[in-house]
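Have a look at the structure below, then the notes.
First listed ligand is number 1; within each ligand, the first listed atom is number 1. All values below were derived from every heavy atom in this structure, side-chain atoms included, with hydrogens, water molecules and symmetry-related copies excluded.
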Amino acid sequence: MVPCSMCPSIPALLPPTLAEPGSPPKGPAGCTSLDLPFVLVLGQGLGMPHLGVPRAQHGEMAVSITKWVDKWTPSPIPALARARPEVLTCTSWGAPIIWDGTFDPDVAQQEAIQQNLTIGLTVFAVGRYLEKYLARFLETAEQYFMVGQRVVYYVFTERPAAVPRLPLGPGRQLRVERVLRERRWQDVSMERMGTLHAALGGRLGREAHFVFCLDVDQYFSGAFGPETLADSVAQLHAWHYHWPRRLLPYESDPRSAAALAPGEGDFYYHAALFGGSVAALRRLTAHCMRGQRQDRALGLEARWHDESHLNKFFWLHKPAKVLSPEFCWCPELGQRAEIRRPRLLWAPKEYTLVRD
Ligand code: UD2
């Protein structure tokens, strides 16, 4: 890797200063010479990240940093280059992609503590998903999710009495909210957007600064800390992060509110994990809820349900931070050089057991 001659003092990729809850993503600021390489390396023209491809040109530098250079802790860029030479750590629009080794968890932890944050974690466990997955999800969240921060879990279920009562660490609470049980699993999945929207407009929104919304059929396996926080956070899908864009499973029916036209789409994001500030998540959930409703009125259902609408949202409103597949990894994919330390693992999918 060679330093960028146009930007001799580019800070390394360390966690950005957290935005105030509800405030827009910071930047872009400074270092405008980086715009072009971002576009050349990762932008709409190519459409996909290039993982594991060594490059030794100006563009290589550009993908390792953010446009919001004023928000990064100064440090010489070669250190970052040495730390993770095999991955790209910035999107074409300037959002960092968080890989293990590209941030300092201690700095992120200290910043979050100074800001006295409360972080929400929502999960739905409806029907047999509750017995099958919820206990392990919560137990491992206690071990790994935002340890040392104030956390409030929100479990949405139709059977509050069946929710396991685990001993929780200091500063951590669990709230259980009752939801109606939809008949079809697809409706359970999609209805989450409306339920979350209402919750974010209520107590959850009042008590949390940032919220992560997760599927229940997964479990934490490594530290998942405040380095992941930002105004809006999207997760690269483990199965699709290195696919060419033309193969990504976006909704393509132009009648659907979730449709992306050929050539549209940055990455394929996974609906099993998204997050952000309360205000940003209110916008996201409202968008998806509206799109799902419009589709239903036309007798349509997007290809991957809420995930299709989420992908449309993040195409229109770029996430402020992108999590590498390490943050939601599928063990069936085996070992890969760029996946160093998975933080959250998919549980085996046992659809015949849990779906009606
Ligand atoms: C994918 C996405 C999921 C969603 C879904 C929409 C993964 C890992 N996740 O999940 O985020 O976009 O596609 O098609 O690829 N749930 C219940 N009870 C039910 C049904 C669903 O609690 O009867 C909840 C539960 O939290 C579950 C989530 O909804 O984890 C998503 O449902 P899923 O895991 O069955 O869907 P899946 O695996 O196809």
### Query
Should the pair Asp266-Lys318 be classified as a salt bridge under the 4.0 Å nitrogen-to-oxygen rule?
yes
#### Entry: Single-linkage hydrophobic cluster Met289~Val278, side-chain heavy atoms < 4.5 angstrom
no
### Summary
Within 4.0 Å of some non-hydrogen atom of Trp185, the atoms of ligand 1 are 14 (O), 20 (C)
#### Entry: Nearest non-hydrogen protein atom, atom 9 (N) of ligand 1
Asp215 OD2, 2.8 Å
### Message
List ligand 1 atoms under 4.0 Å from Ala125, heavy atoms only on the residue side.
### Response
22 (O)
#### Entry: N/O separation below 3.5 Å, Val126 to ligand 1
yes
### Task
Using a distance threshold of 4.0 Å (strictly less than), state whether atom 2 (C) of ligand 1 has a protein heavy-atom neighbour.
yes
### Task
Do me a favour and list the nearest non-hydrogen protein atom to atom 5 (C) of ligand 1 with residue, atom name and distance?
Ser189 OG, 3.6 Å
### Query
Judging by distance only, is a nitrogen or oxygen of Val188 under 3.5 angstrom from one on ligand 1?
no
### Query
Between Glu207 and Arg150, is the closest basic N to carboxylate O distance under 4.0 Å?
no
### Query
Which bit of His270 gets closer than 4.0 Å to ligand 1, counting heavy atoms only: side chain, backbone, both or neither?
side chain
## Note on the structure
the protein heavy atom lying closest to atom 35 (O) of ligand 1 turns out to be Tyr129 OH, 2.4 Å
### Message
Which label fits Trp346 and Trp239: parallel for a plane angle under 30°, tilted from 30 to 60°, or perpendicular past 60°?
### Response
tilted
#### Entry: Backbone or side-chain N or O of Asp306 under 3.5 Å from ligand 1 N or O
yes
### Message
Would you call the rings of Tyr268 and His240 parallel, tilted or perpendicular, taking 30° and 60° as the class edges?
### Response
perpendicular
#### Entry: Ala272-ligand 1 polar pair, N/O distance under 3.5 Å
yes
#### Entry: Stepwise side-chain hydrogen bond (donor to acceptor under 3.5 Å, both in side chains) test for Arg283 and His317
CA-CA 10 Å; Arg283 287 190 289 275; His317 311 277; over 6 Å; no
### Task
Ignoring angles and geometry beyond distance, decide whether Phe124 reaches within less than 3.5 Å of ligand 1 through its nitrogen or oxygen atoms.
yes
#### Entry: Proximity to ligand 1 by part of His305, non-hydrogen separation under 4.0 Å
side chain
### Minimum-distance protein heavy atom relative to atom 30 (O) of ligand 1
Asp217 OD1, 3.0 Å
### Message
Using a 4.0 Å cutoff against the non-hydrogen atoms of Val216, which atoms of ligand 1 qualify?
### Response
25 (C), 26 (O), 30 (O)
### Task
Could you check atom 36 (O) of ligand 1 against the protein and tell me its nearest heavy-atom contact, residue, atom and distance included?
Arg355 NH2, 3.2 Å
### Query
Would you call the rings of Phe103 and Phe327 parallel, tilted or perpendicular, where under 30° means parallel and over 60° means perpendicular?
tilted
### Query
Does Arg192 come within less than 4.0 Å of ligand 1, judged by its heavy atoms?
yes
### Query
If you count the atoms of ligand 1 from 1 in the order shown, which ones are under 4.0 Å from a heavy atom of Ala271?
11 (O), 12 (O)
### Message
Within 45 degrees of the ring normal and closer than 6.0 Å to the centroid, is that where the cationic atom of Arg343 sits relative to Phe224?
### Response
no
#### Entry: Flag, side chain of Asp104 to backbone of Asp106, donor-acceptor distance under 3.5 Å
yes
### Query
So how far is it from Ile119 CD1 to Phe212 CZ, rounded to the nearest 0.5 Å?
8.0 Å
### Task
Determine, step by step, whether Phe124 and Phe156 satisfy the ring pair (Phe, Tyr, Trp, His ring centres under 6.0 Å) criterion, reporting the C-alpha distance in whole Å, the side-chain angles of both residues, the deciding distance to 0.1 Å, and the verdict.
CA-CA 5 Å; Phe124 286 69; Phe156 296 90; 4.6 Å; yes
### Query
Can a salt bridge be assigned to the pair Glu191 and Arg184 using a cut-off of 4.0 Å between side-chain N and carboxylate O?
no
### Query
What is the closest protein heavy atom to atom 13 (O) of ligand 1, and at what distance does it sit?
Trp304 CE3, 4.3 Å
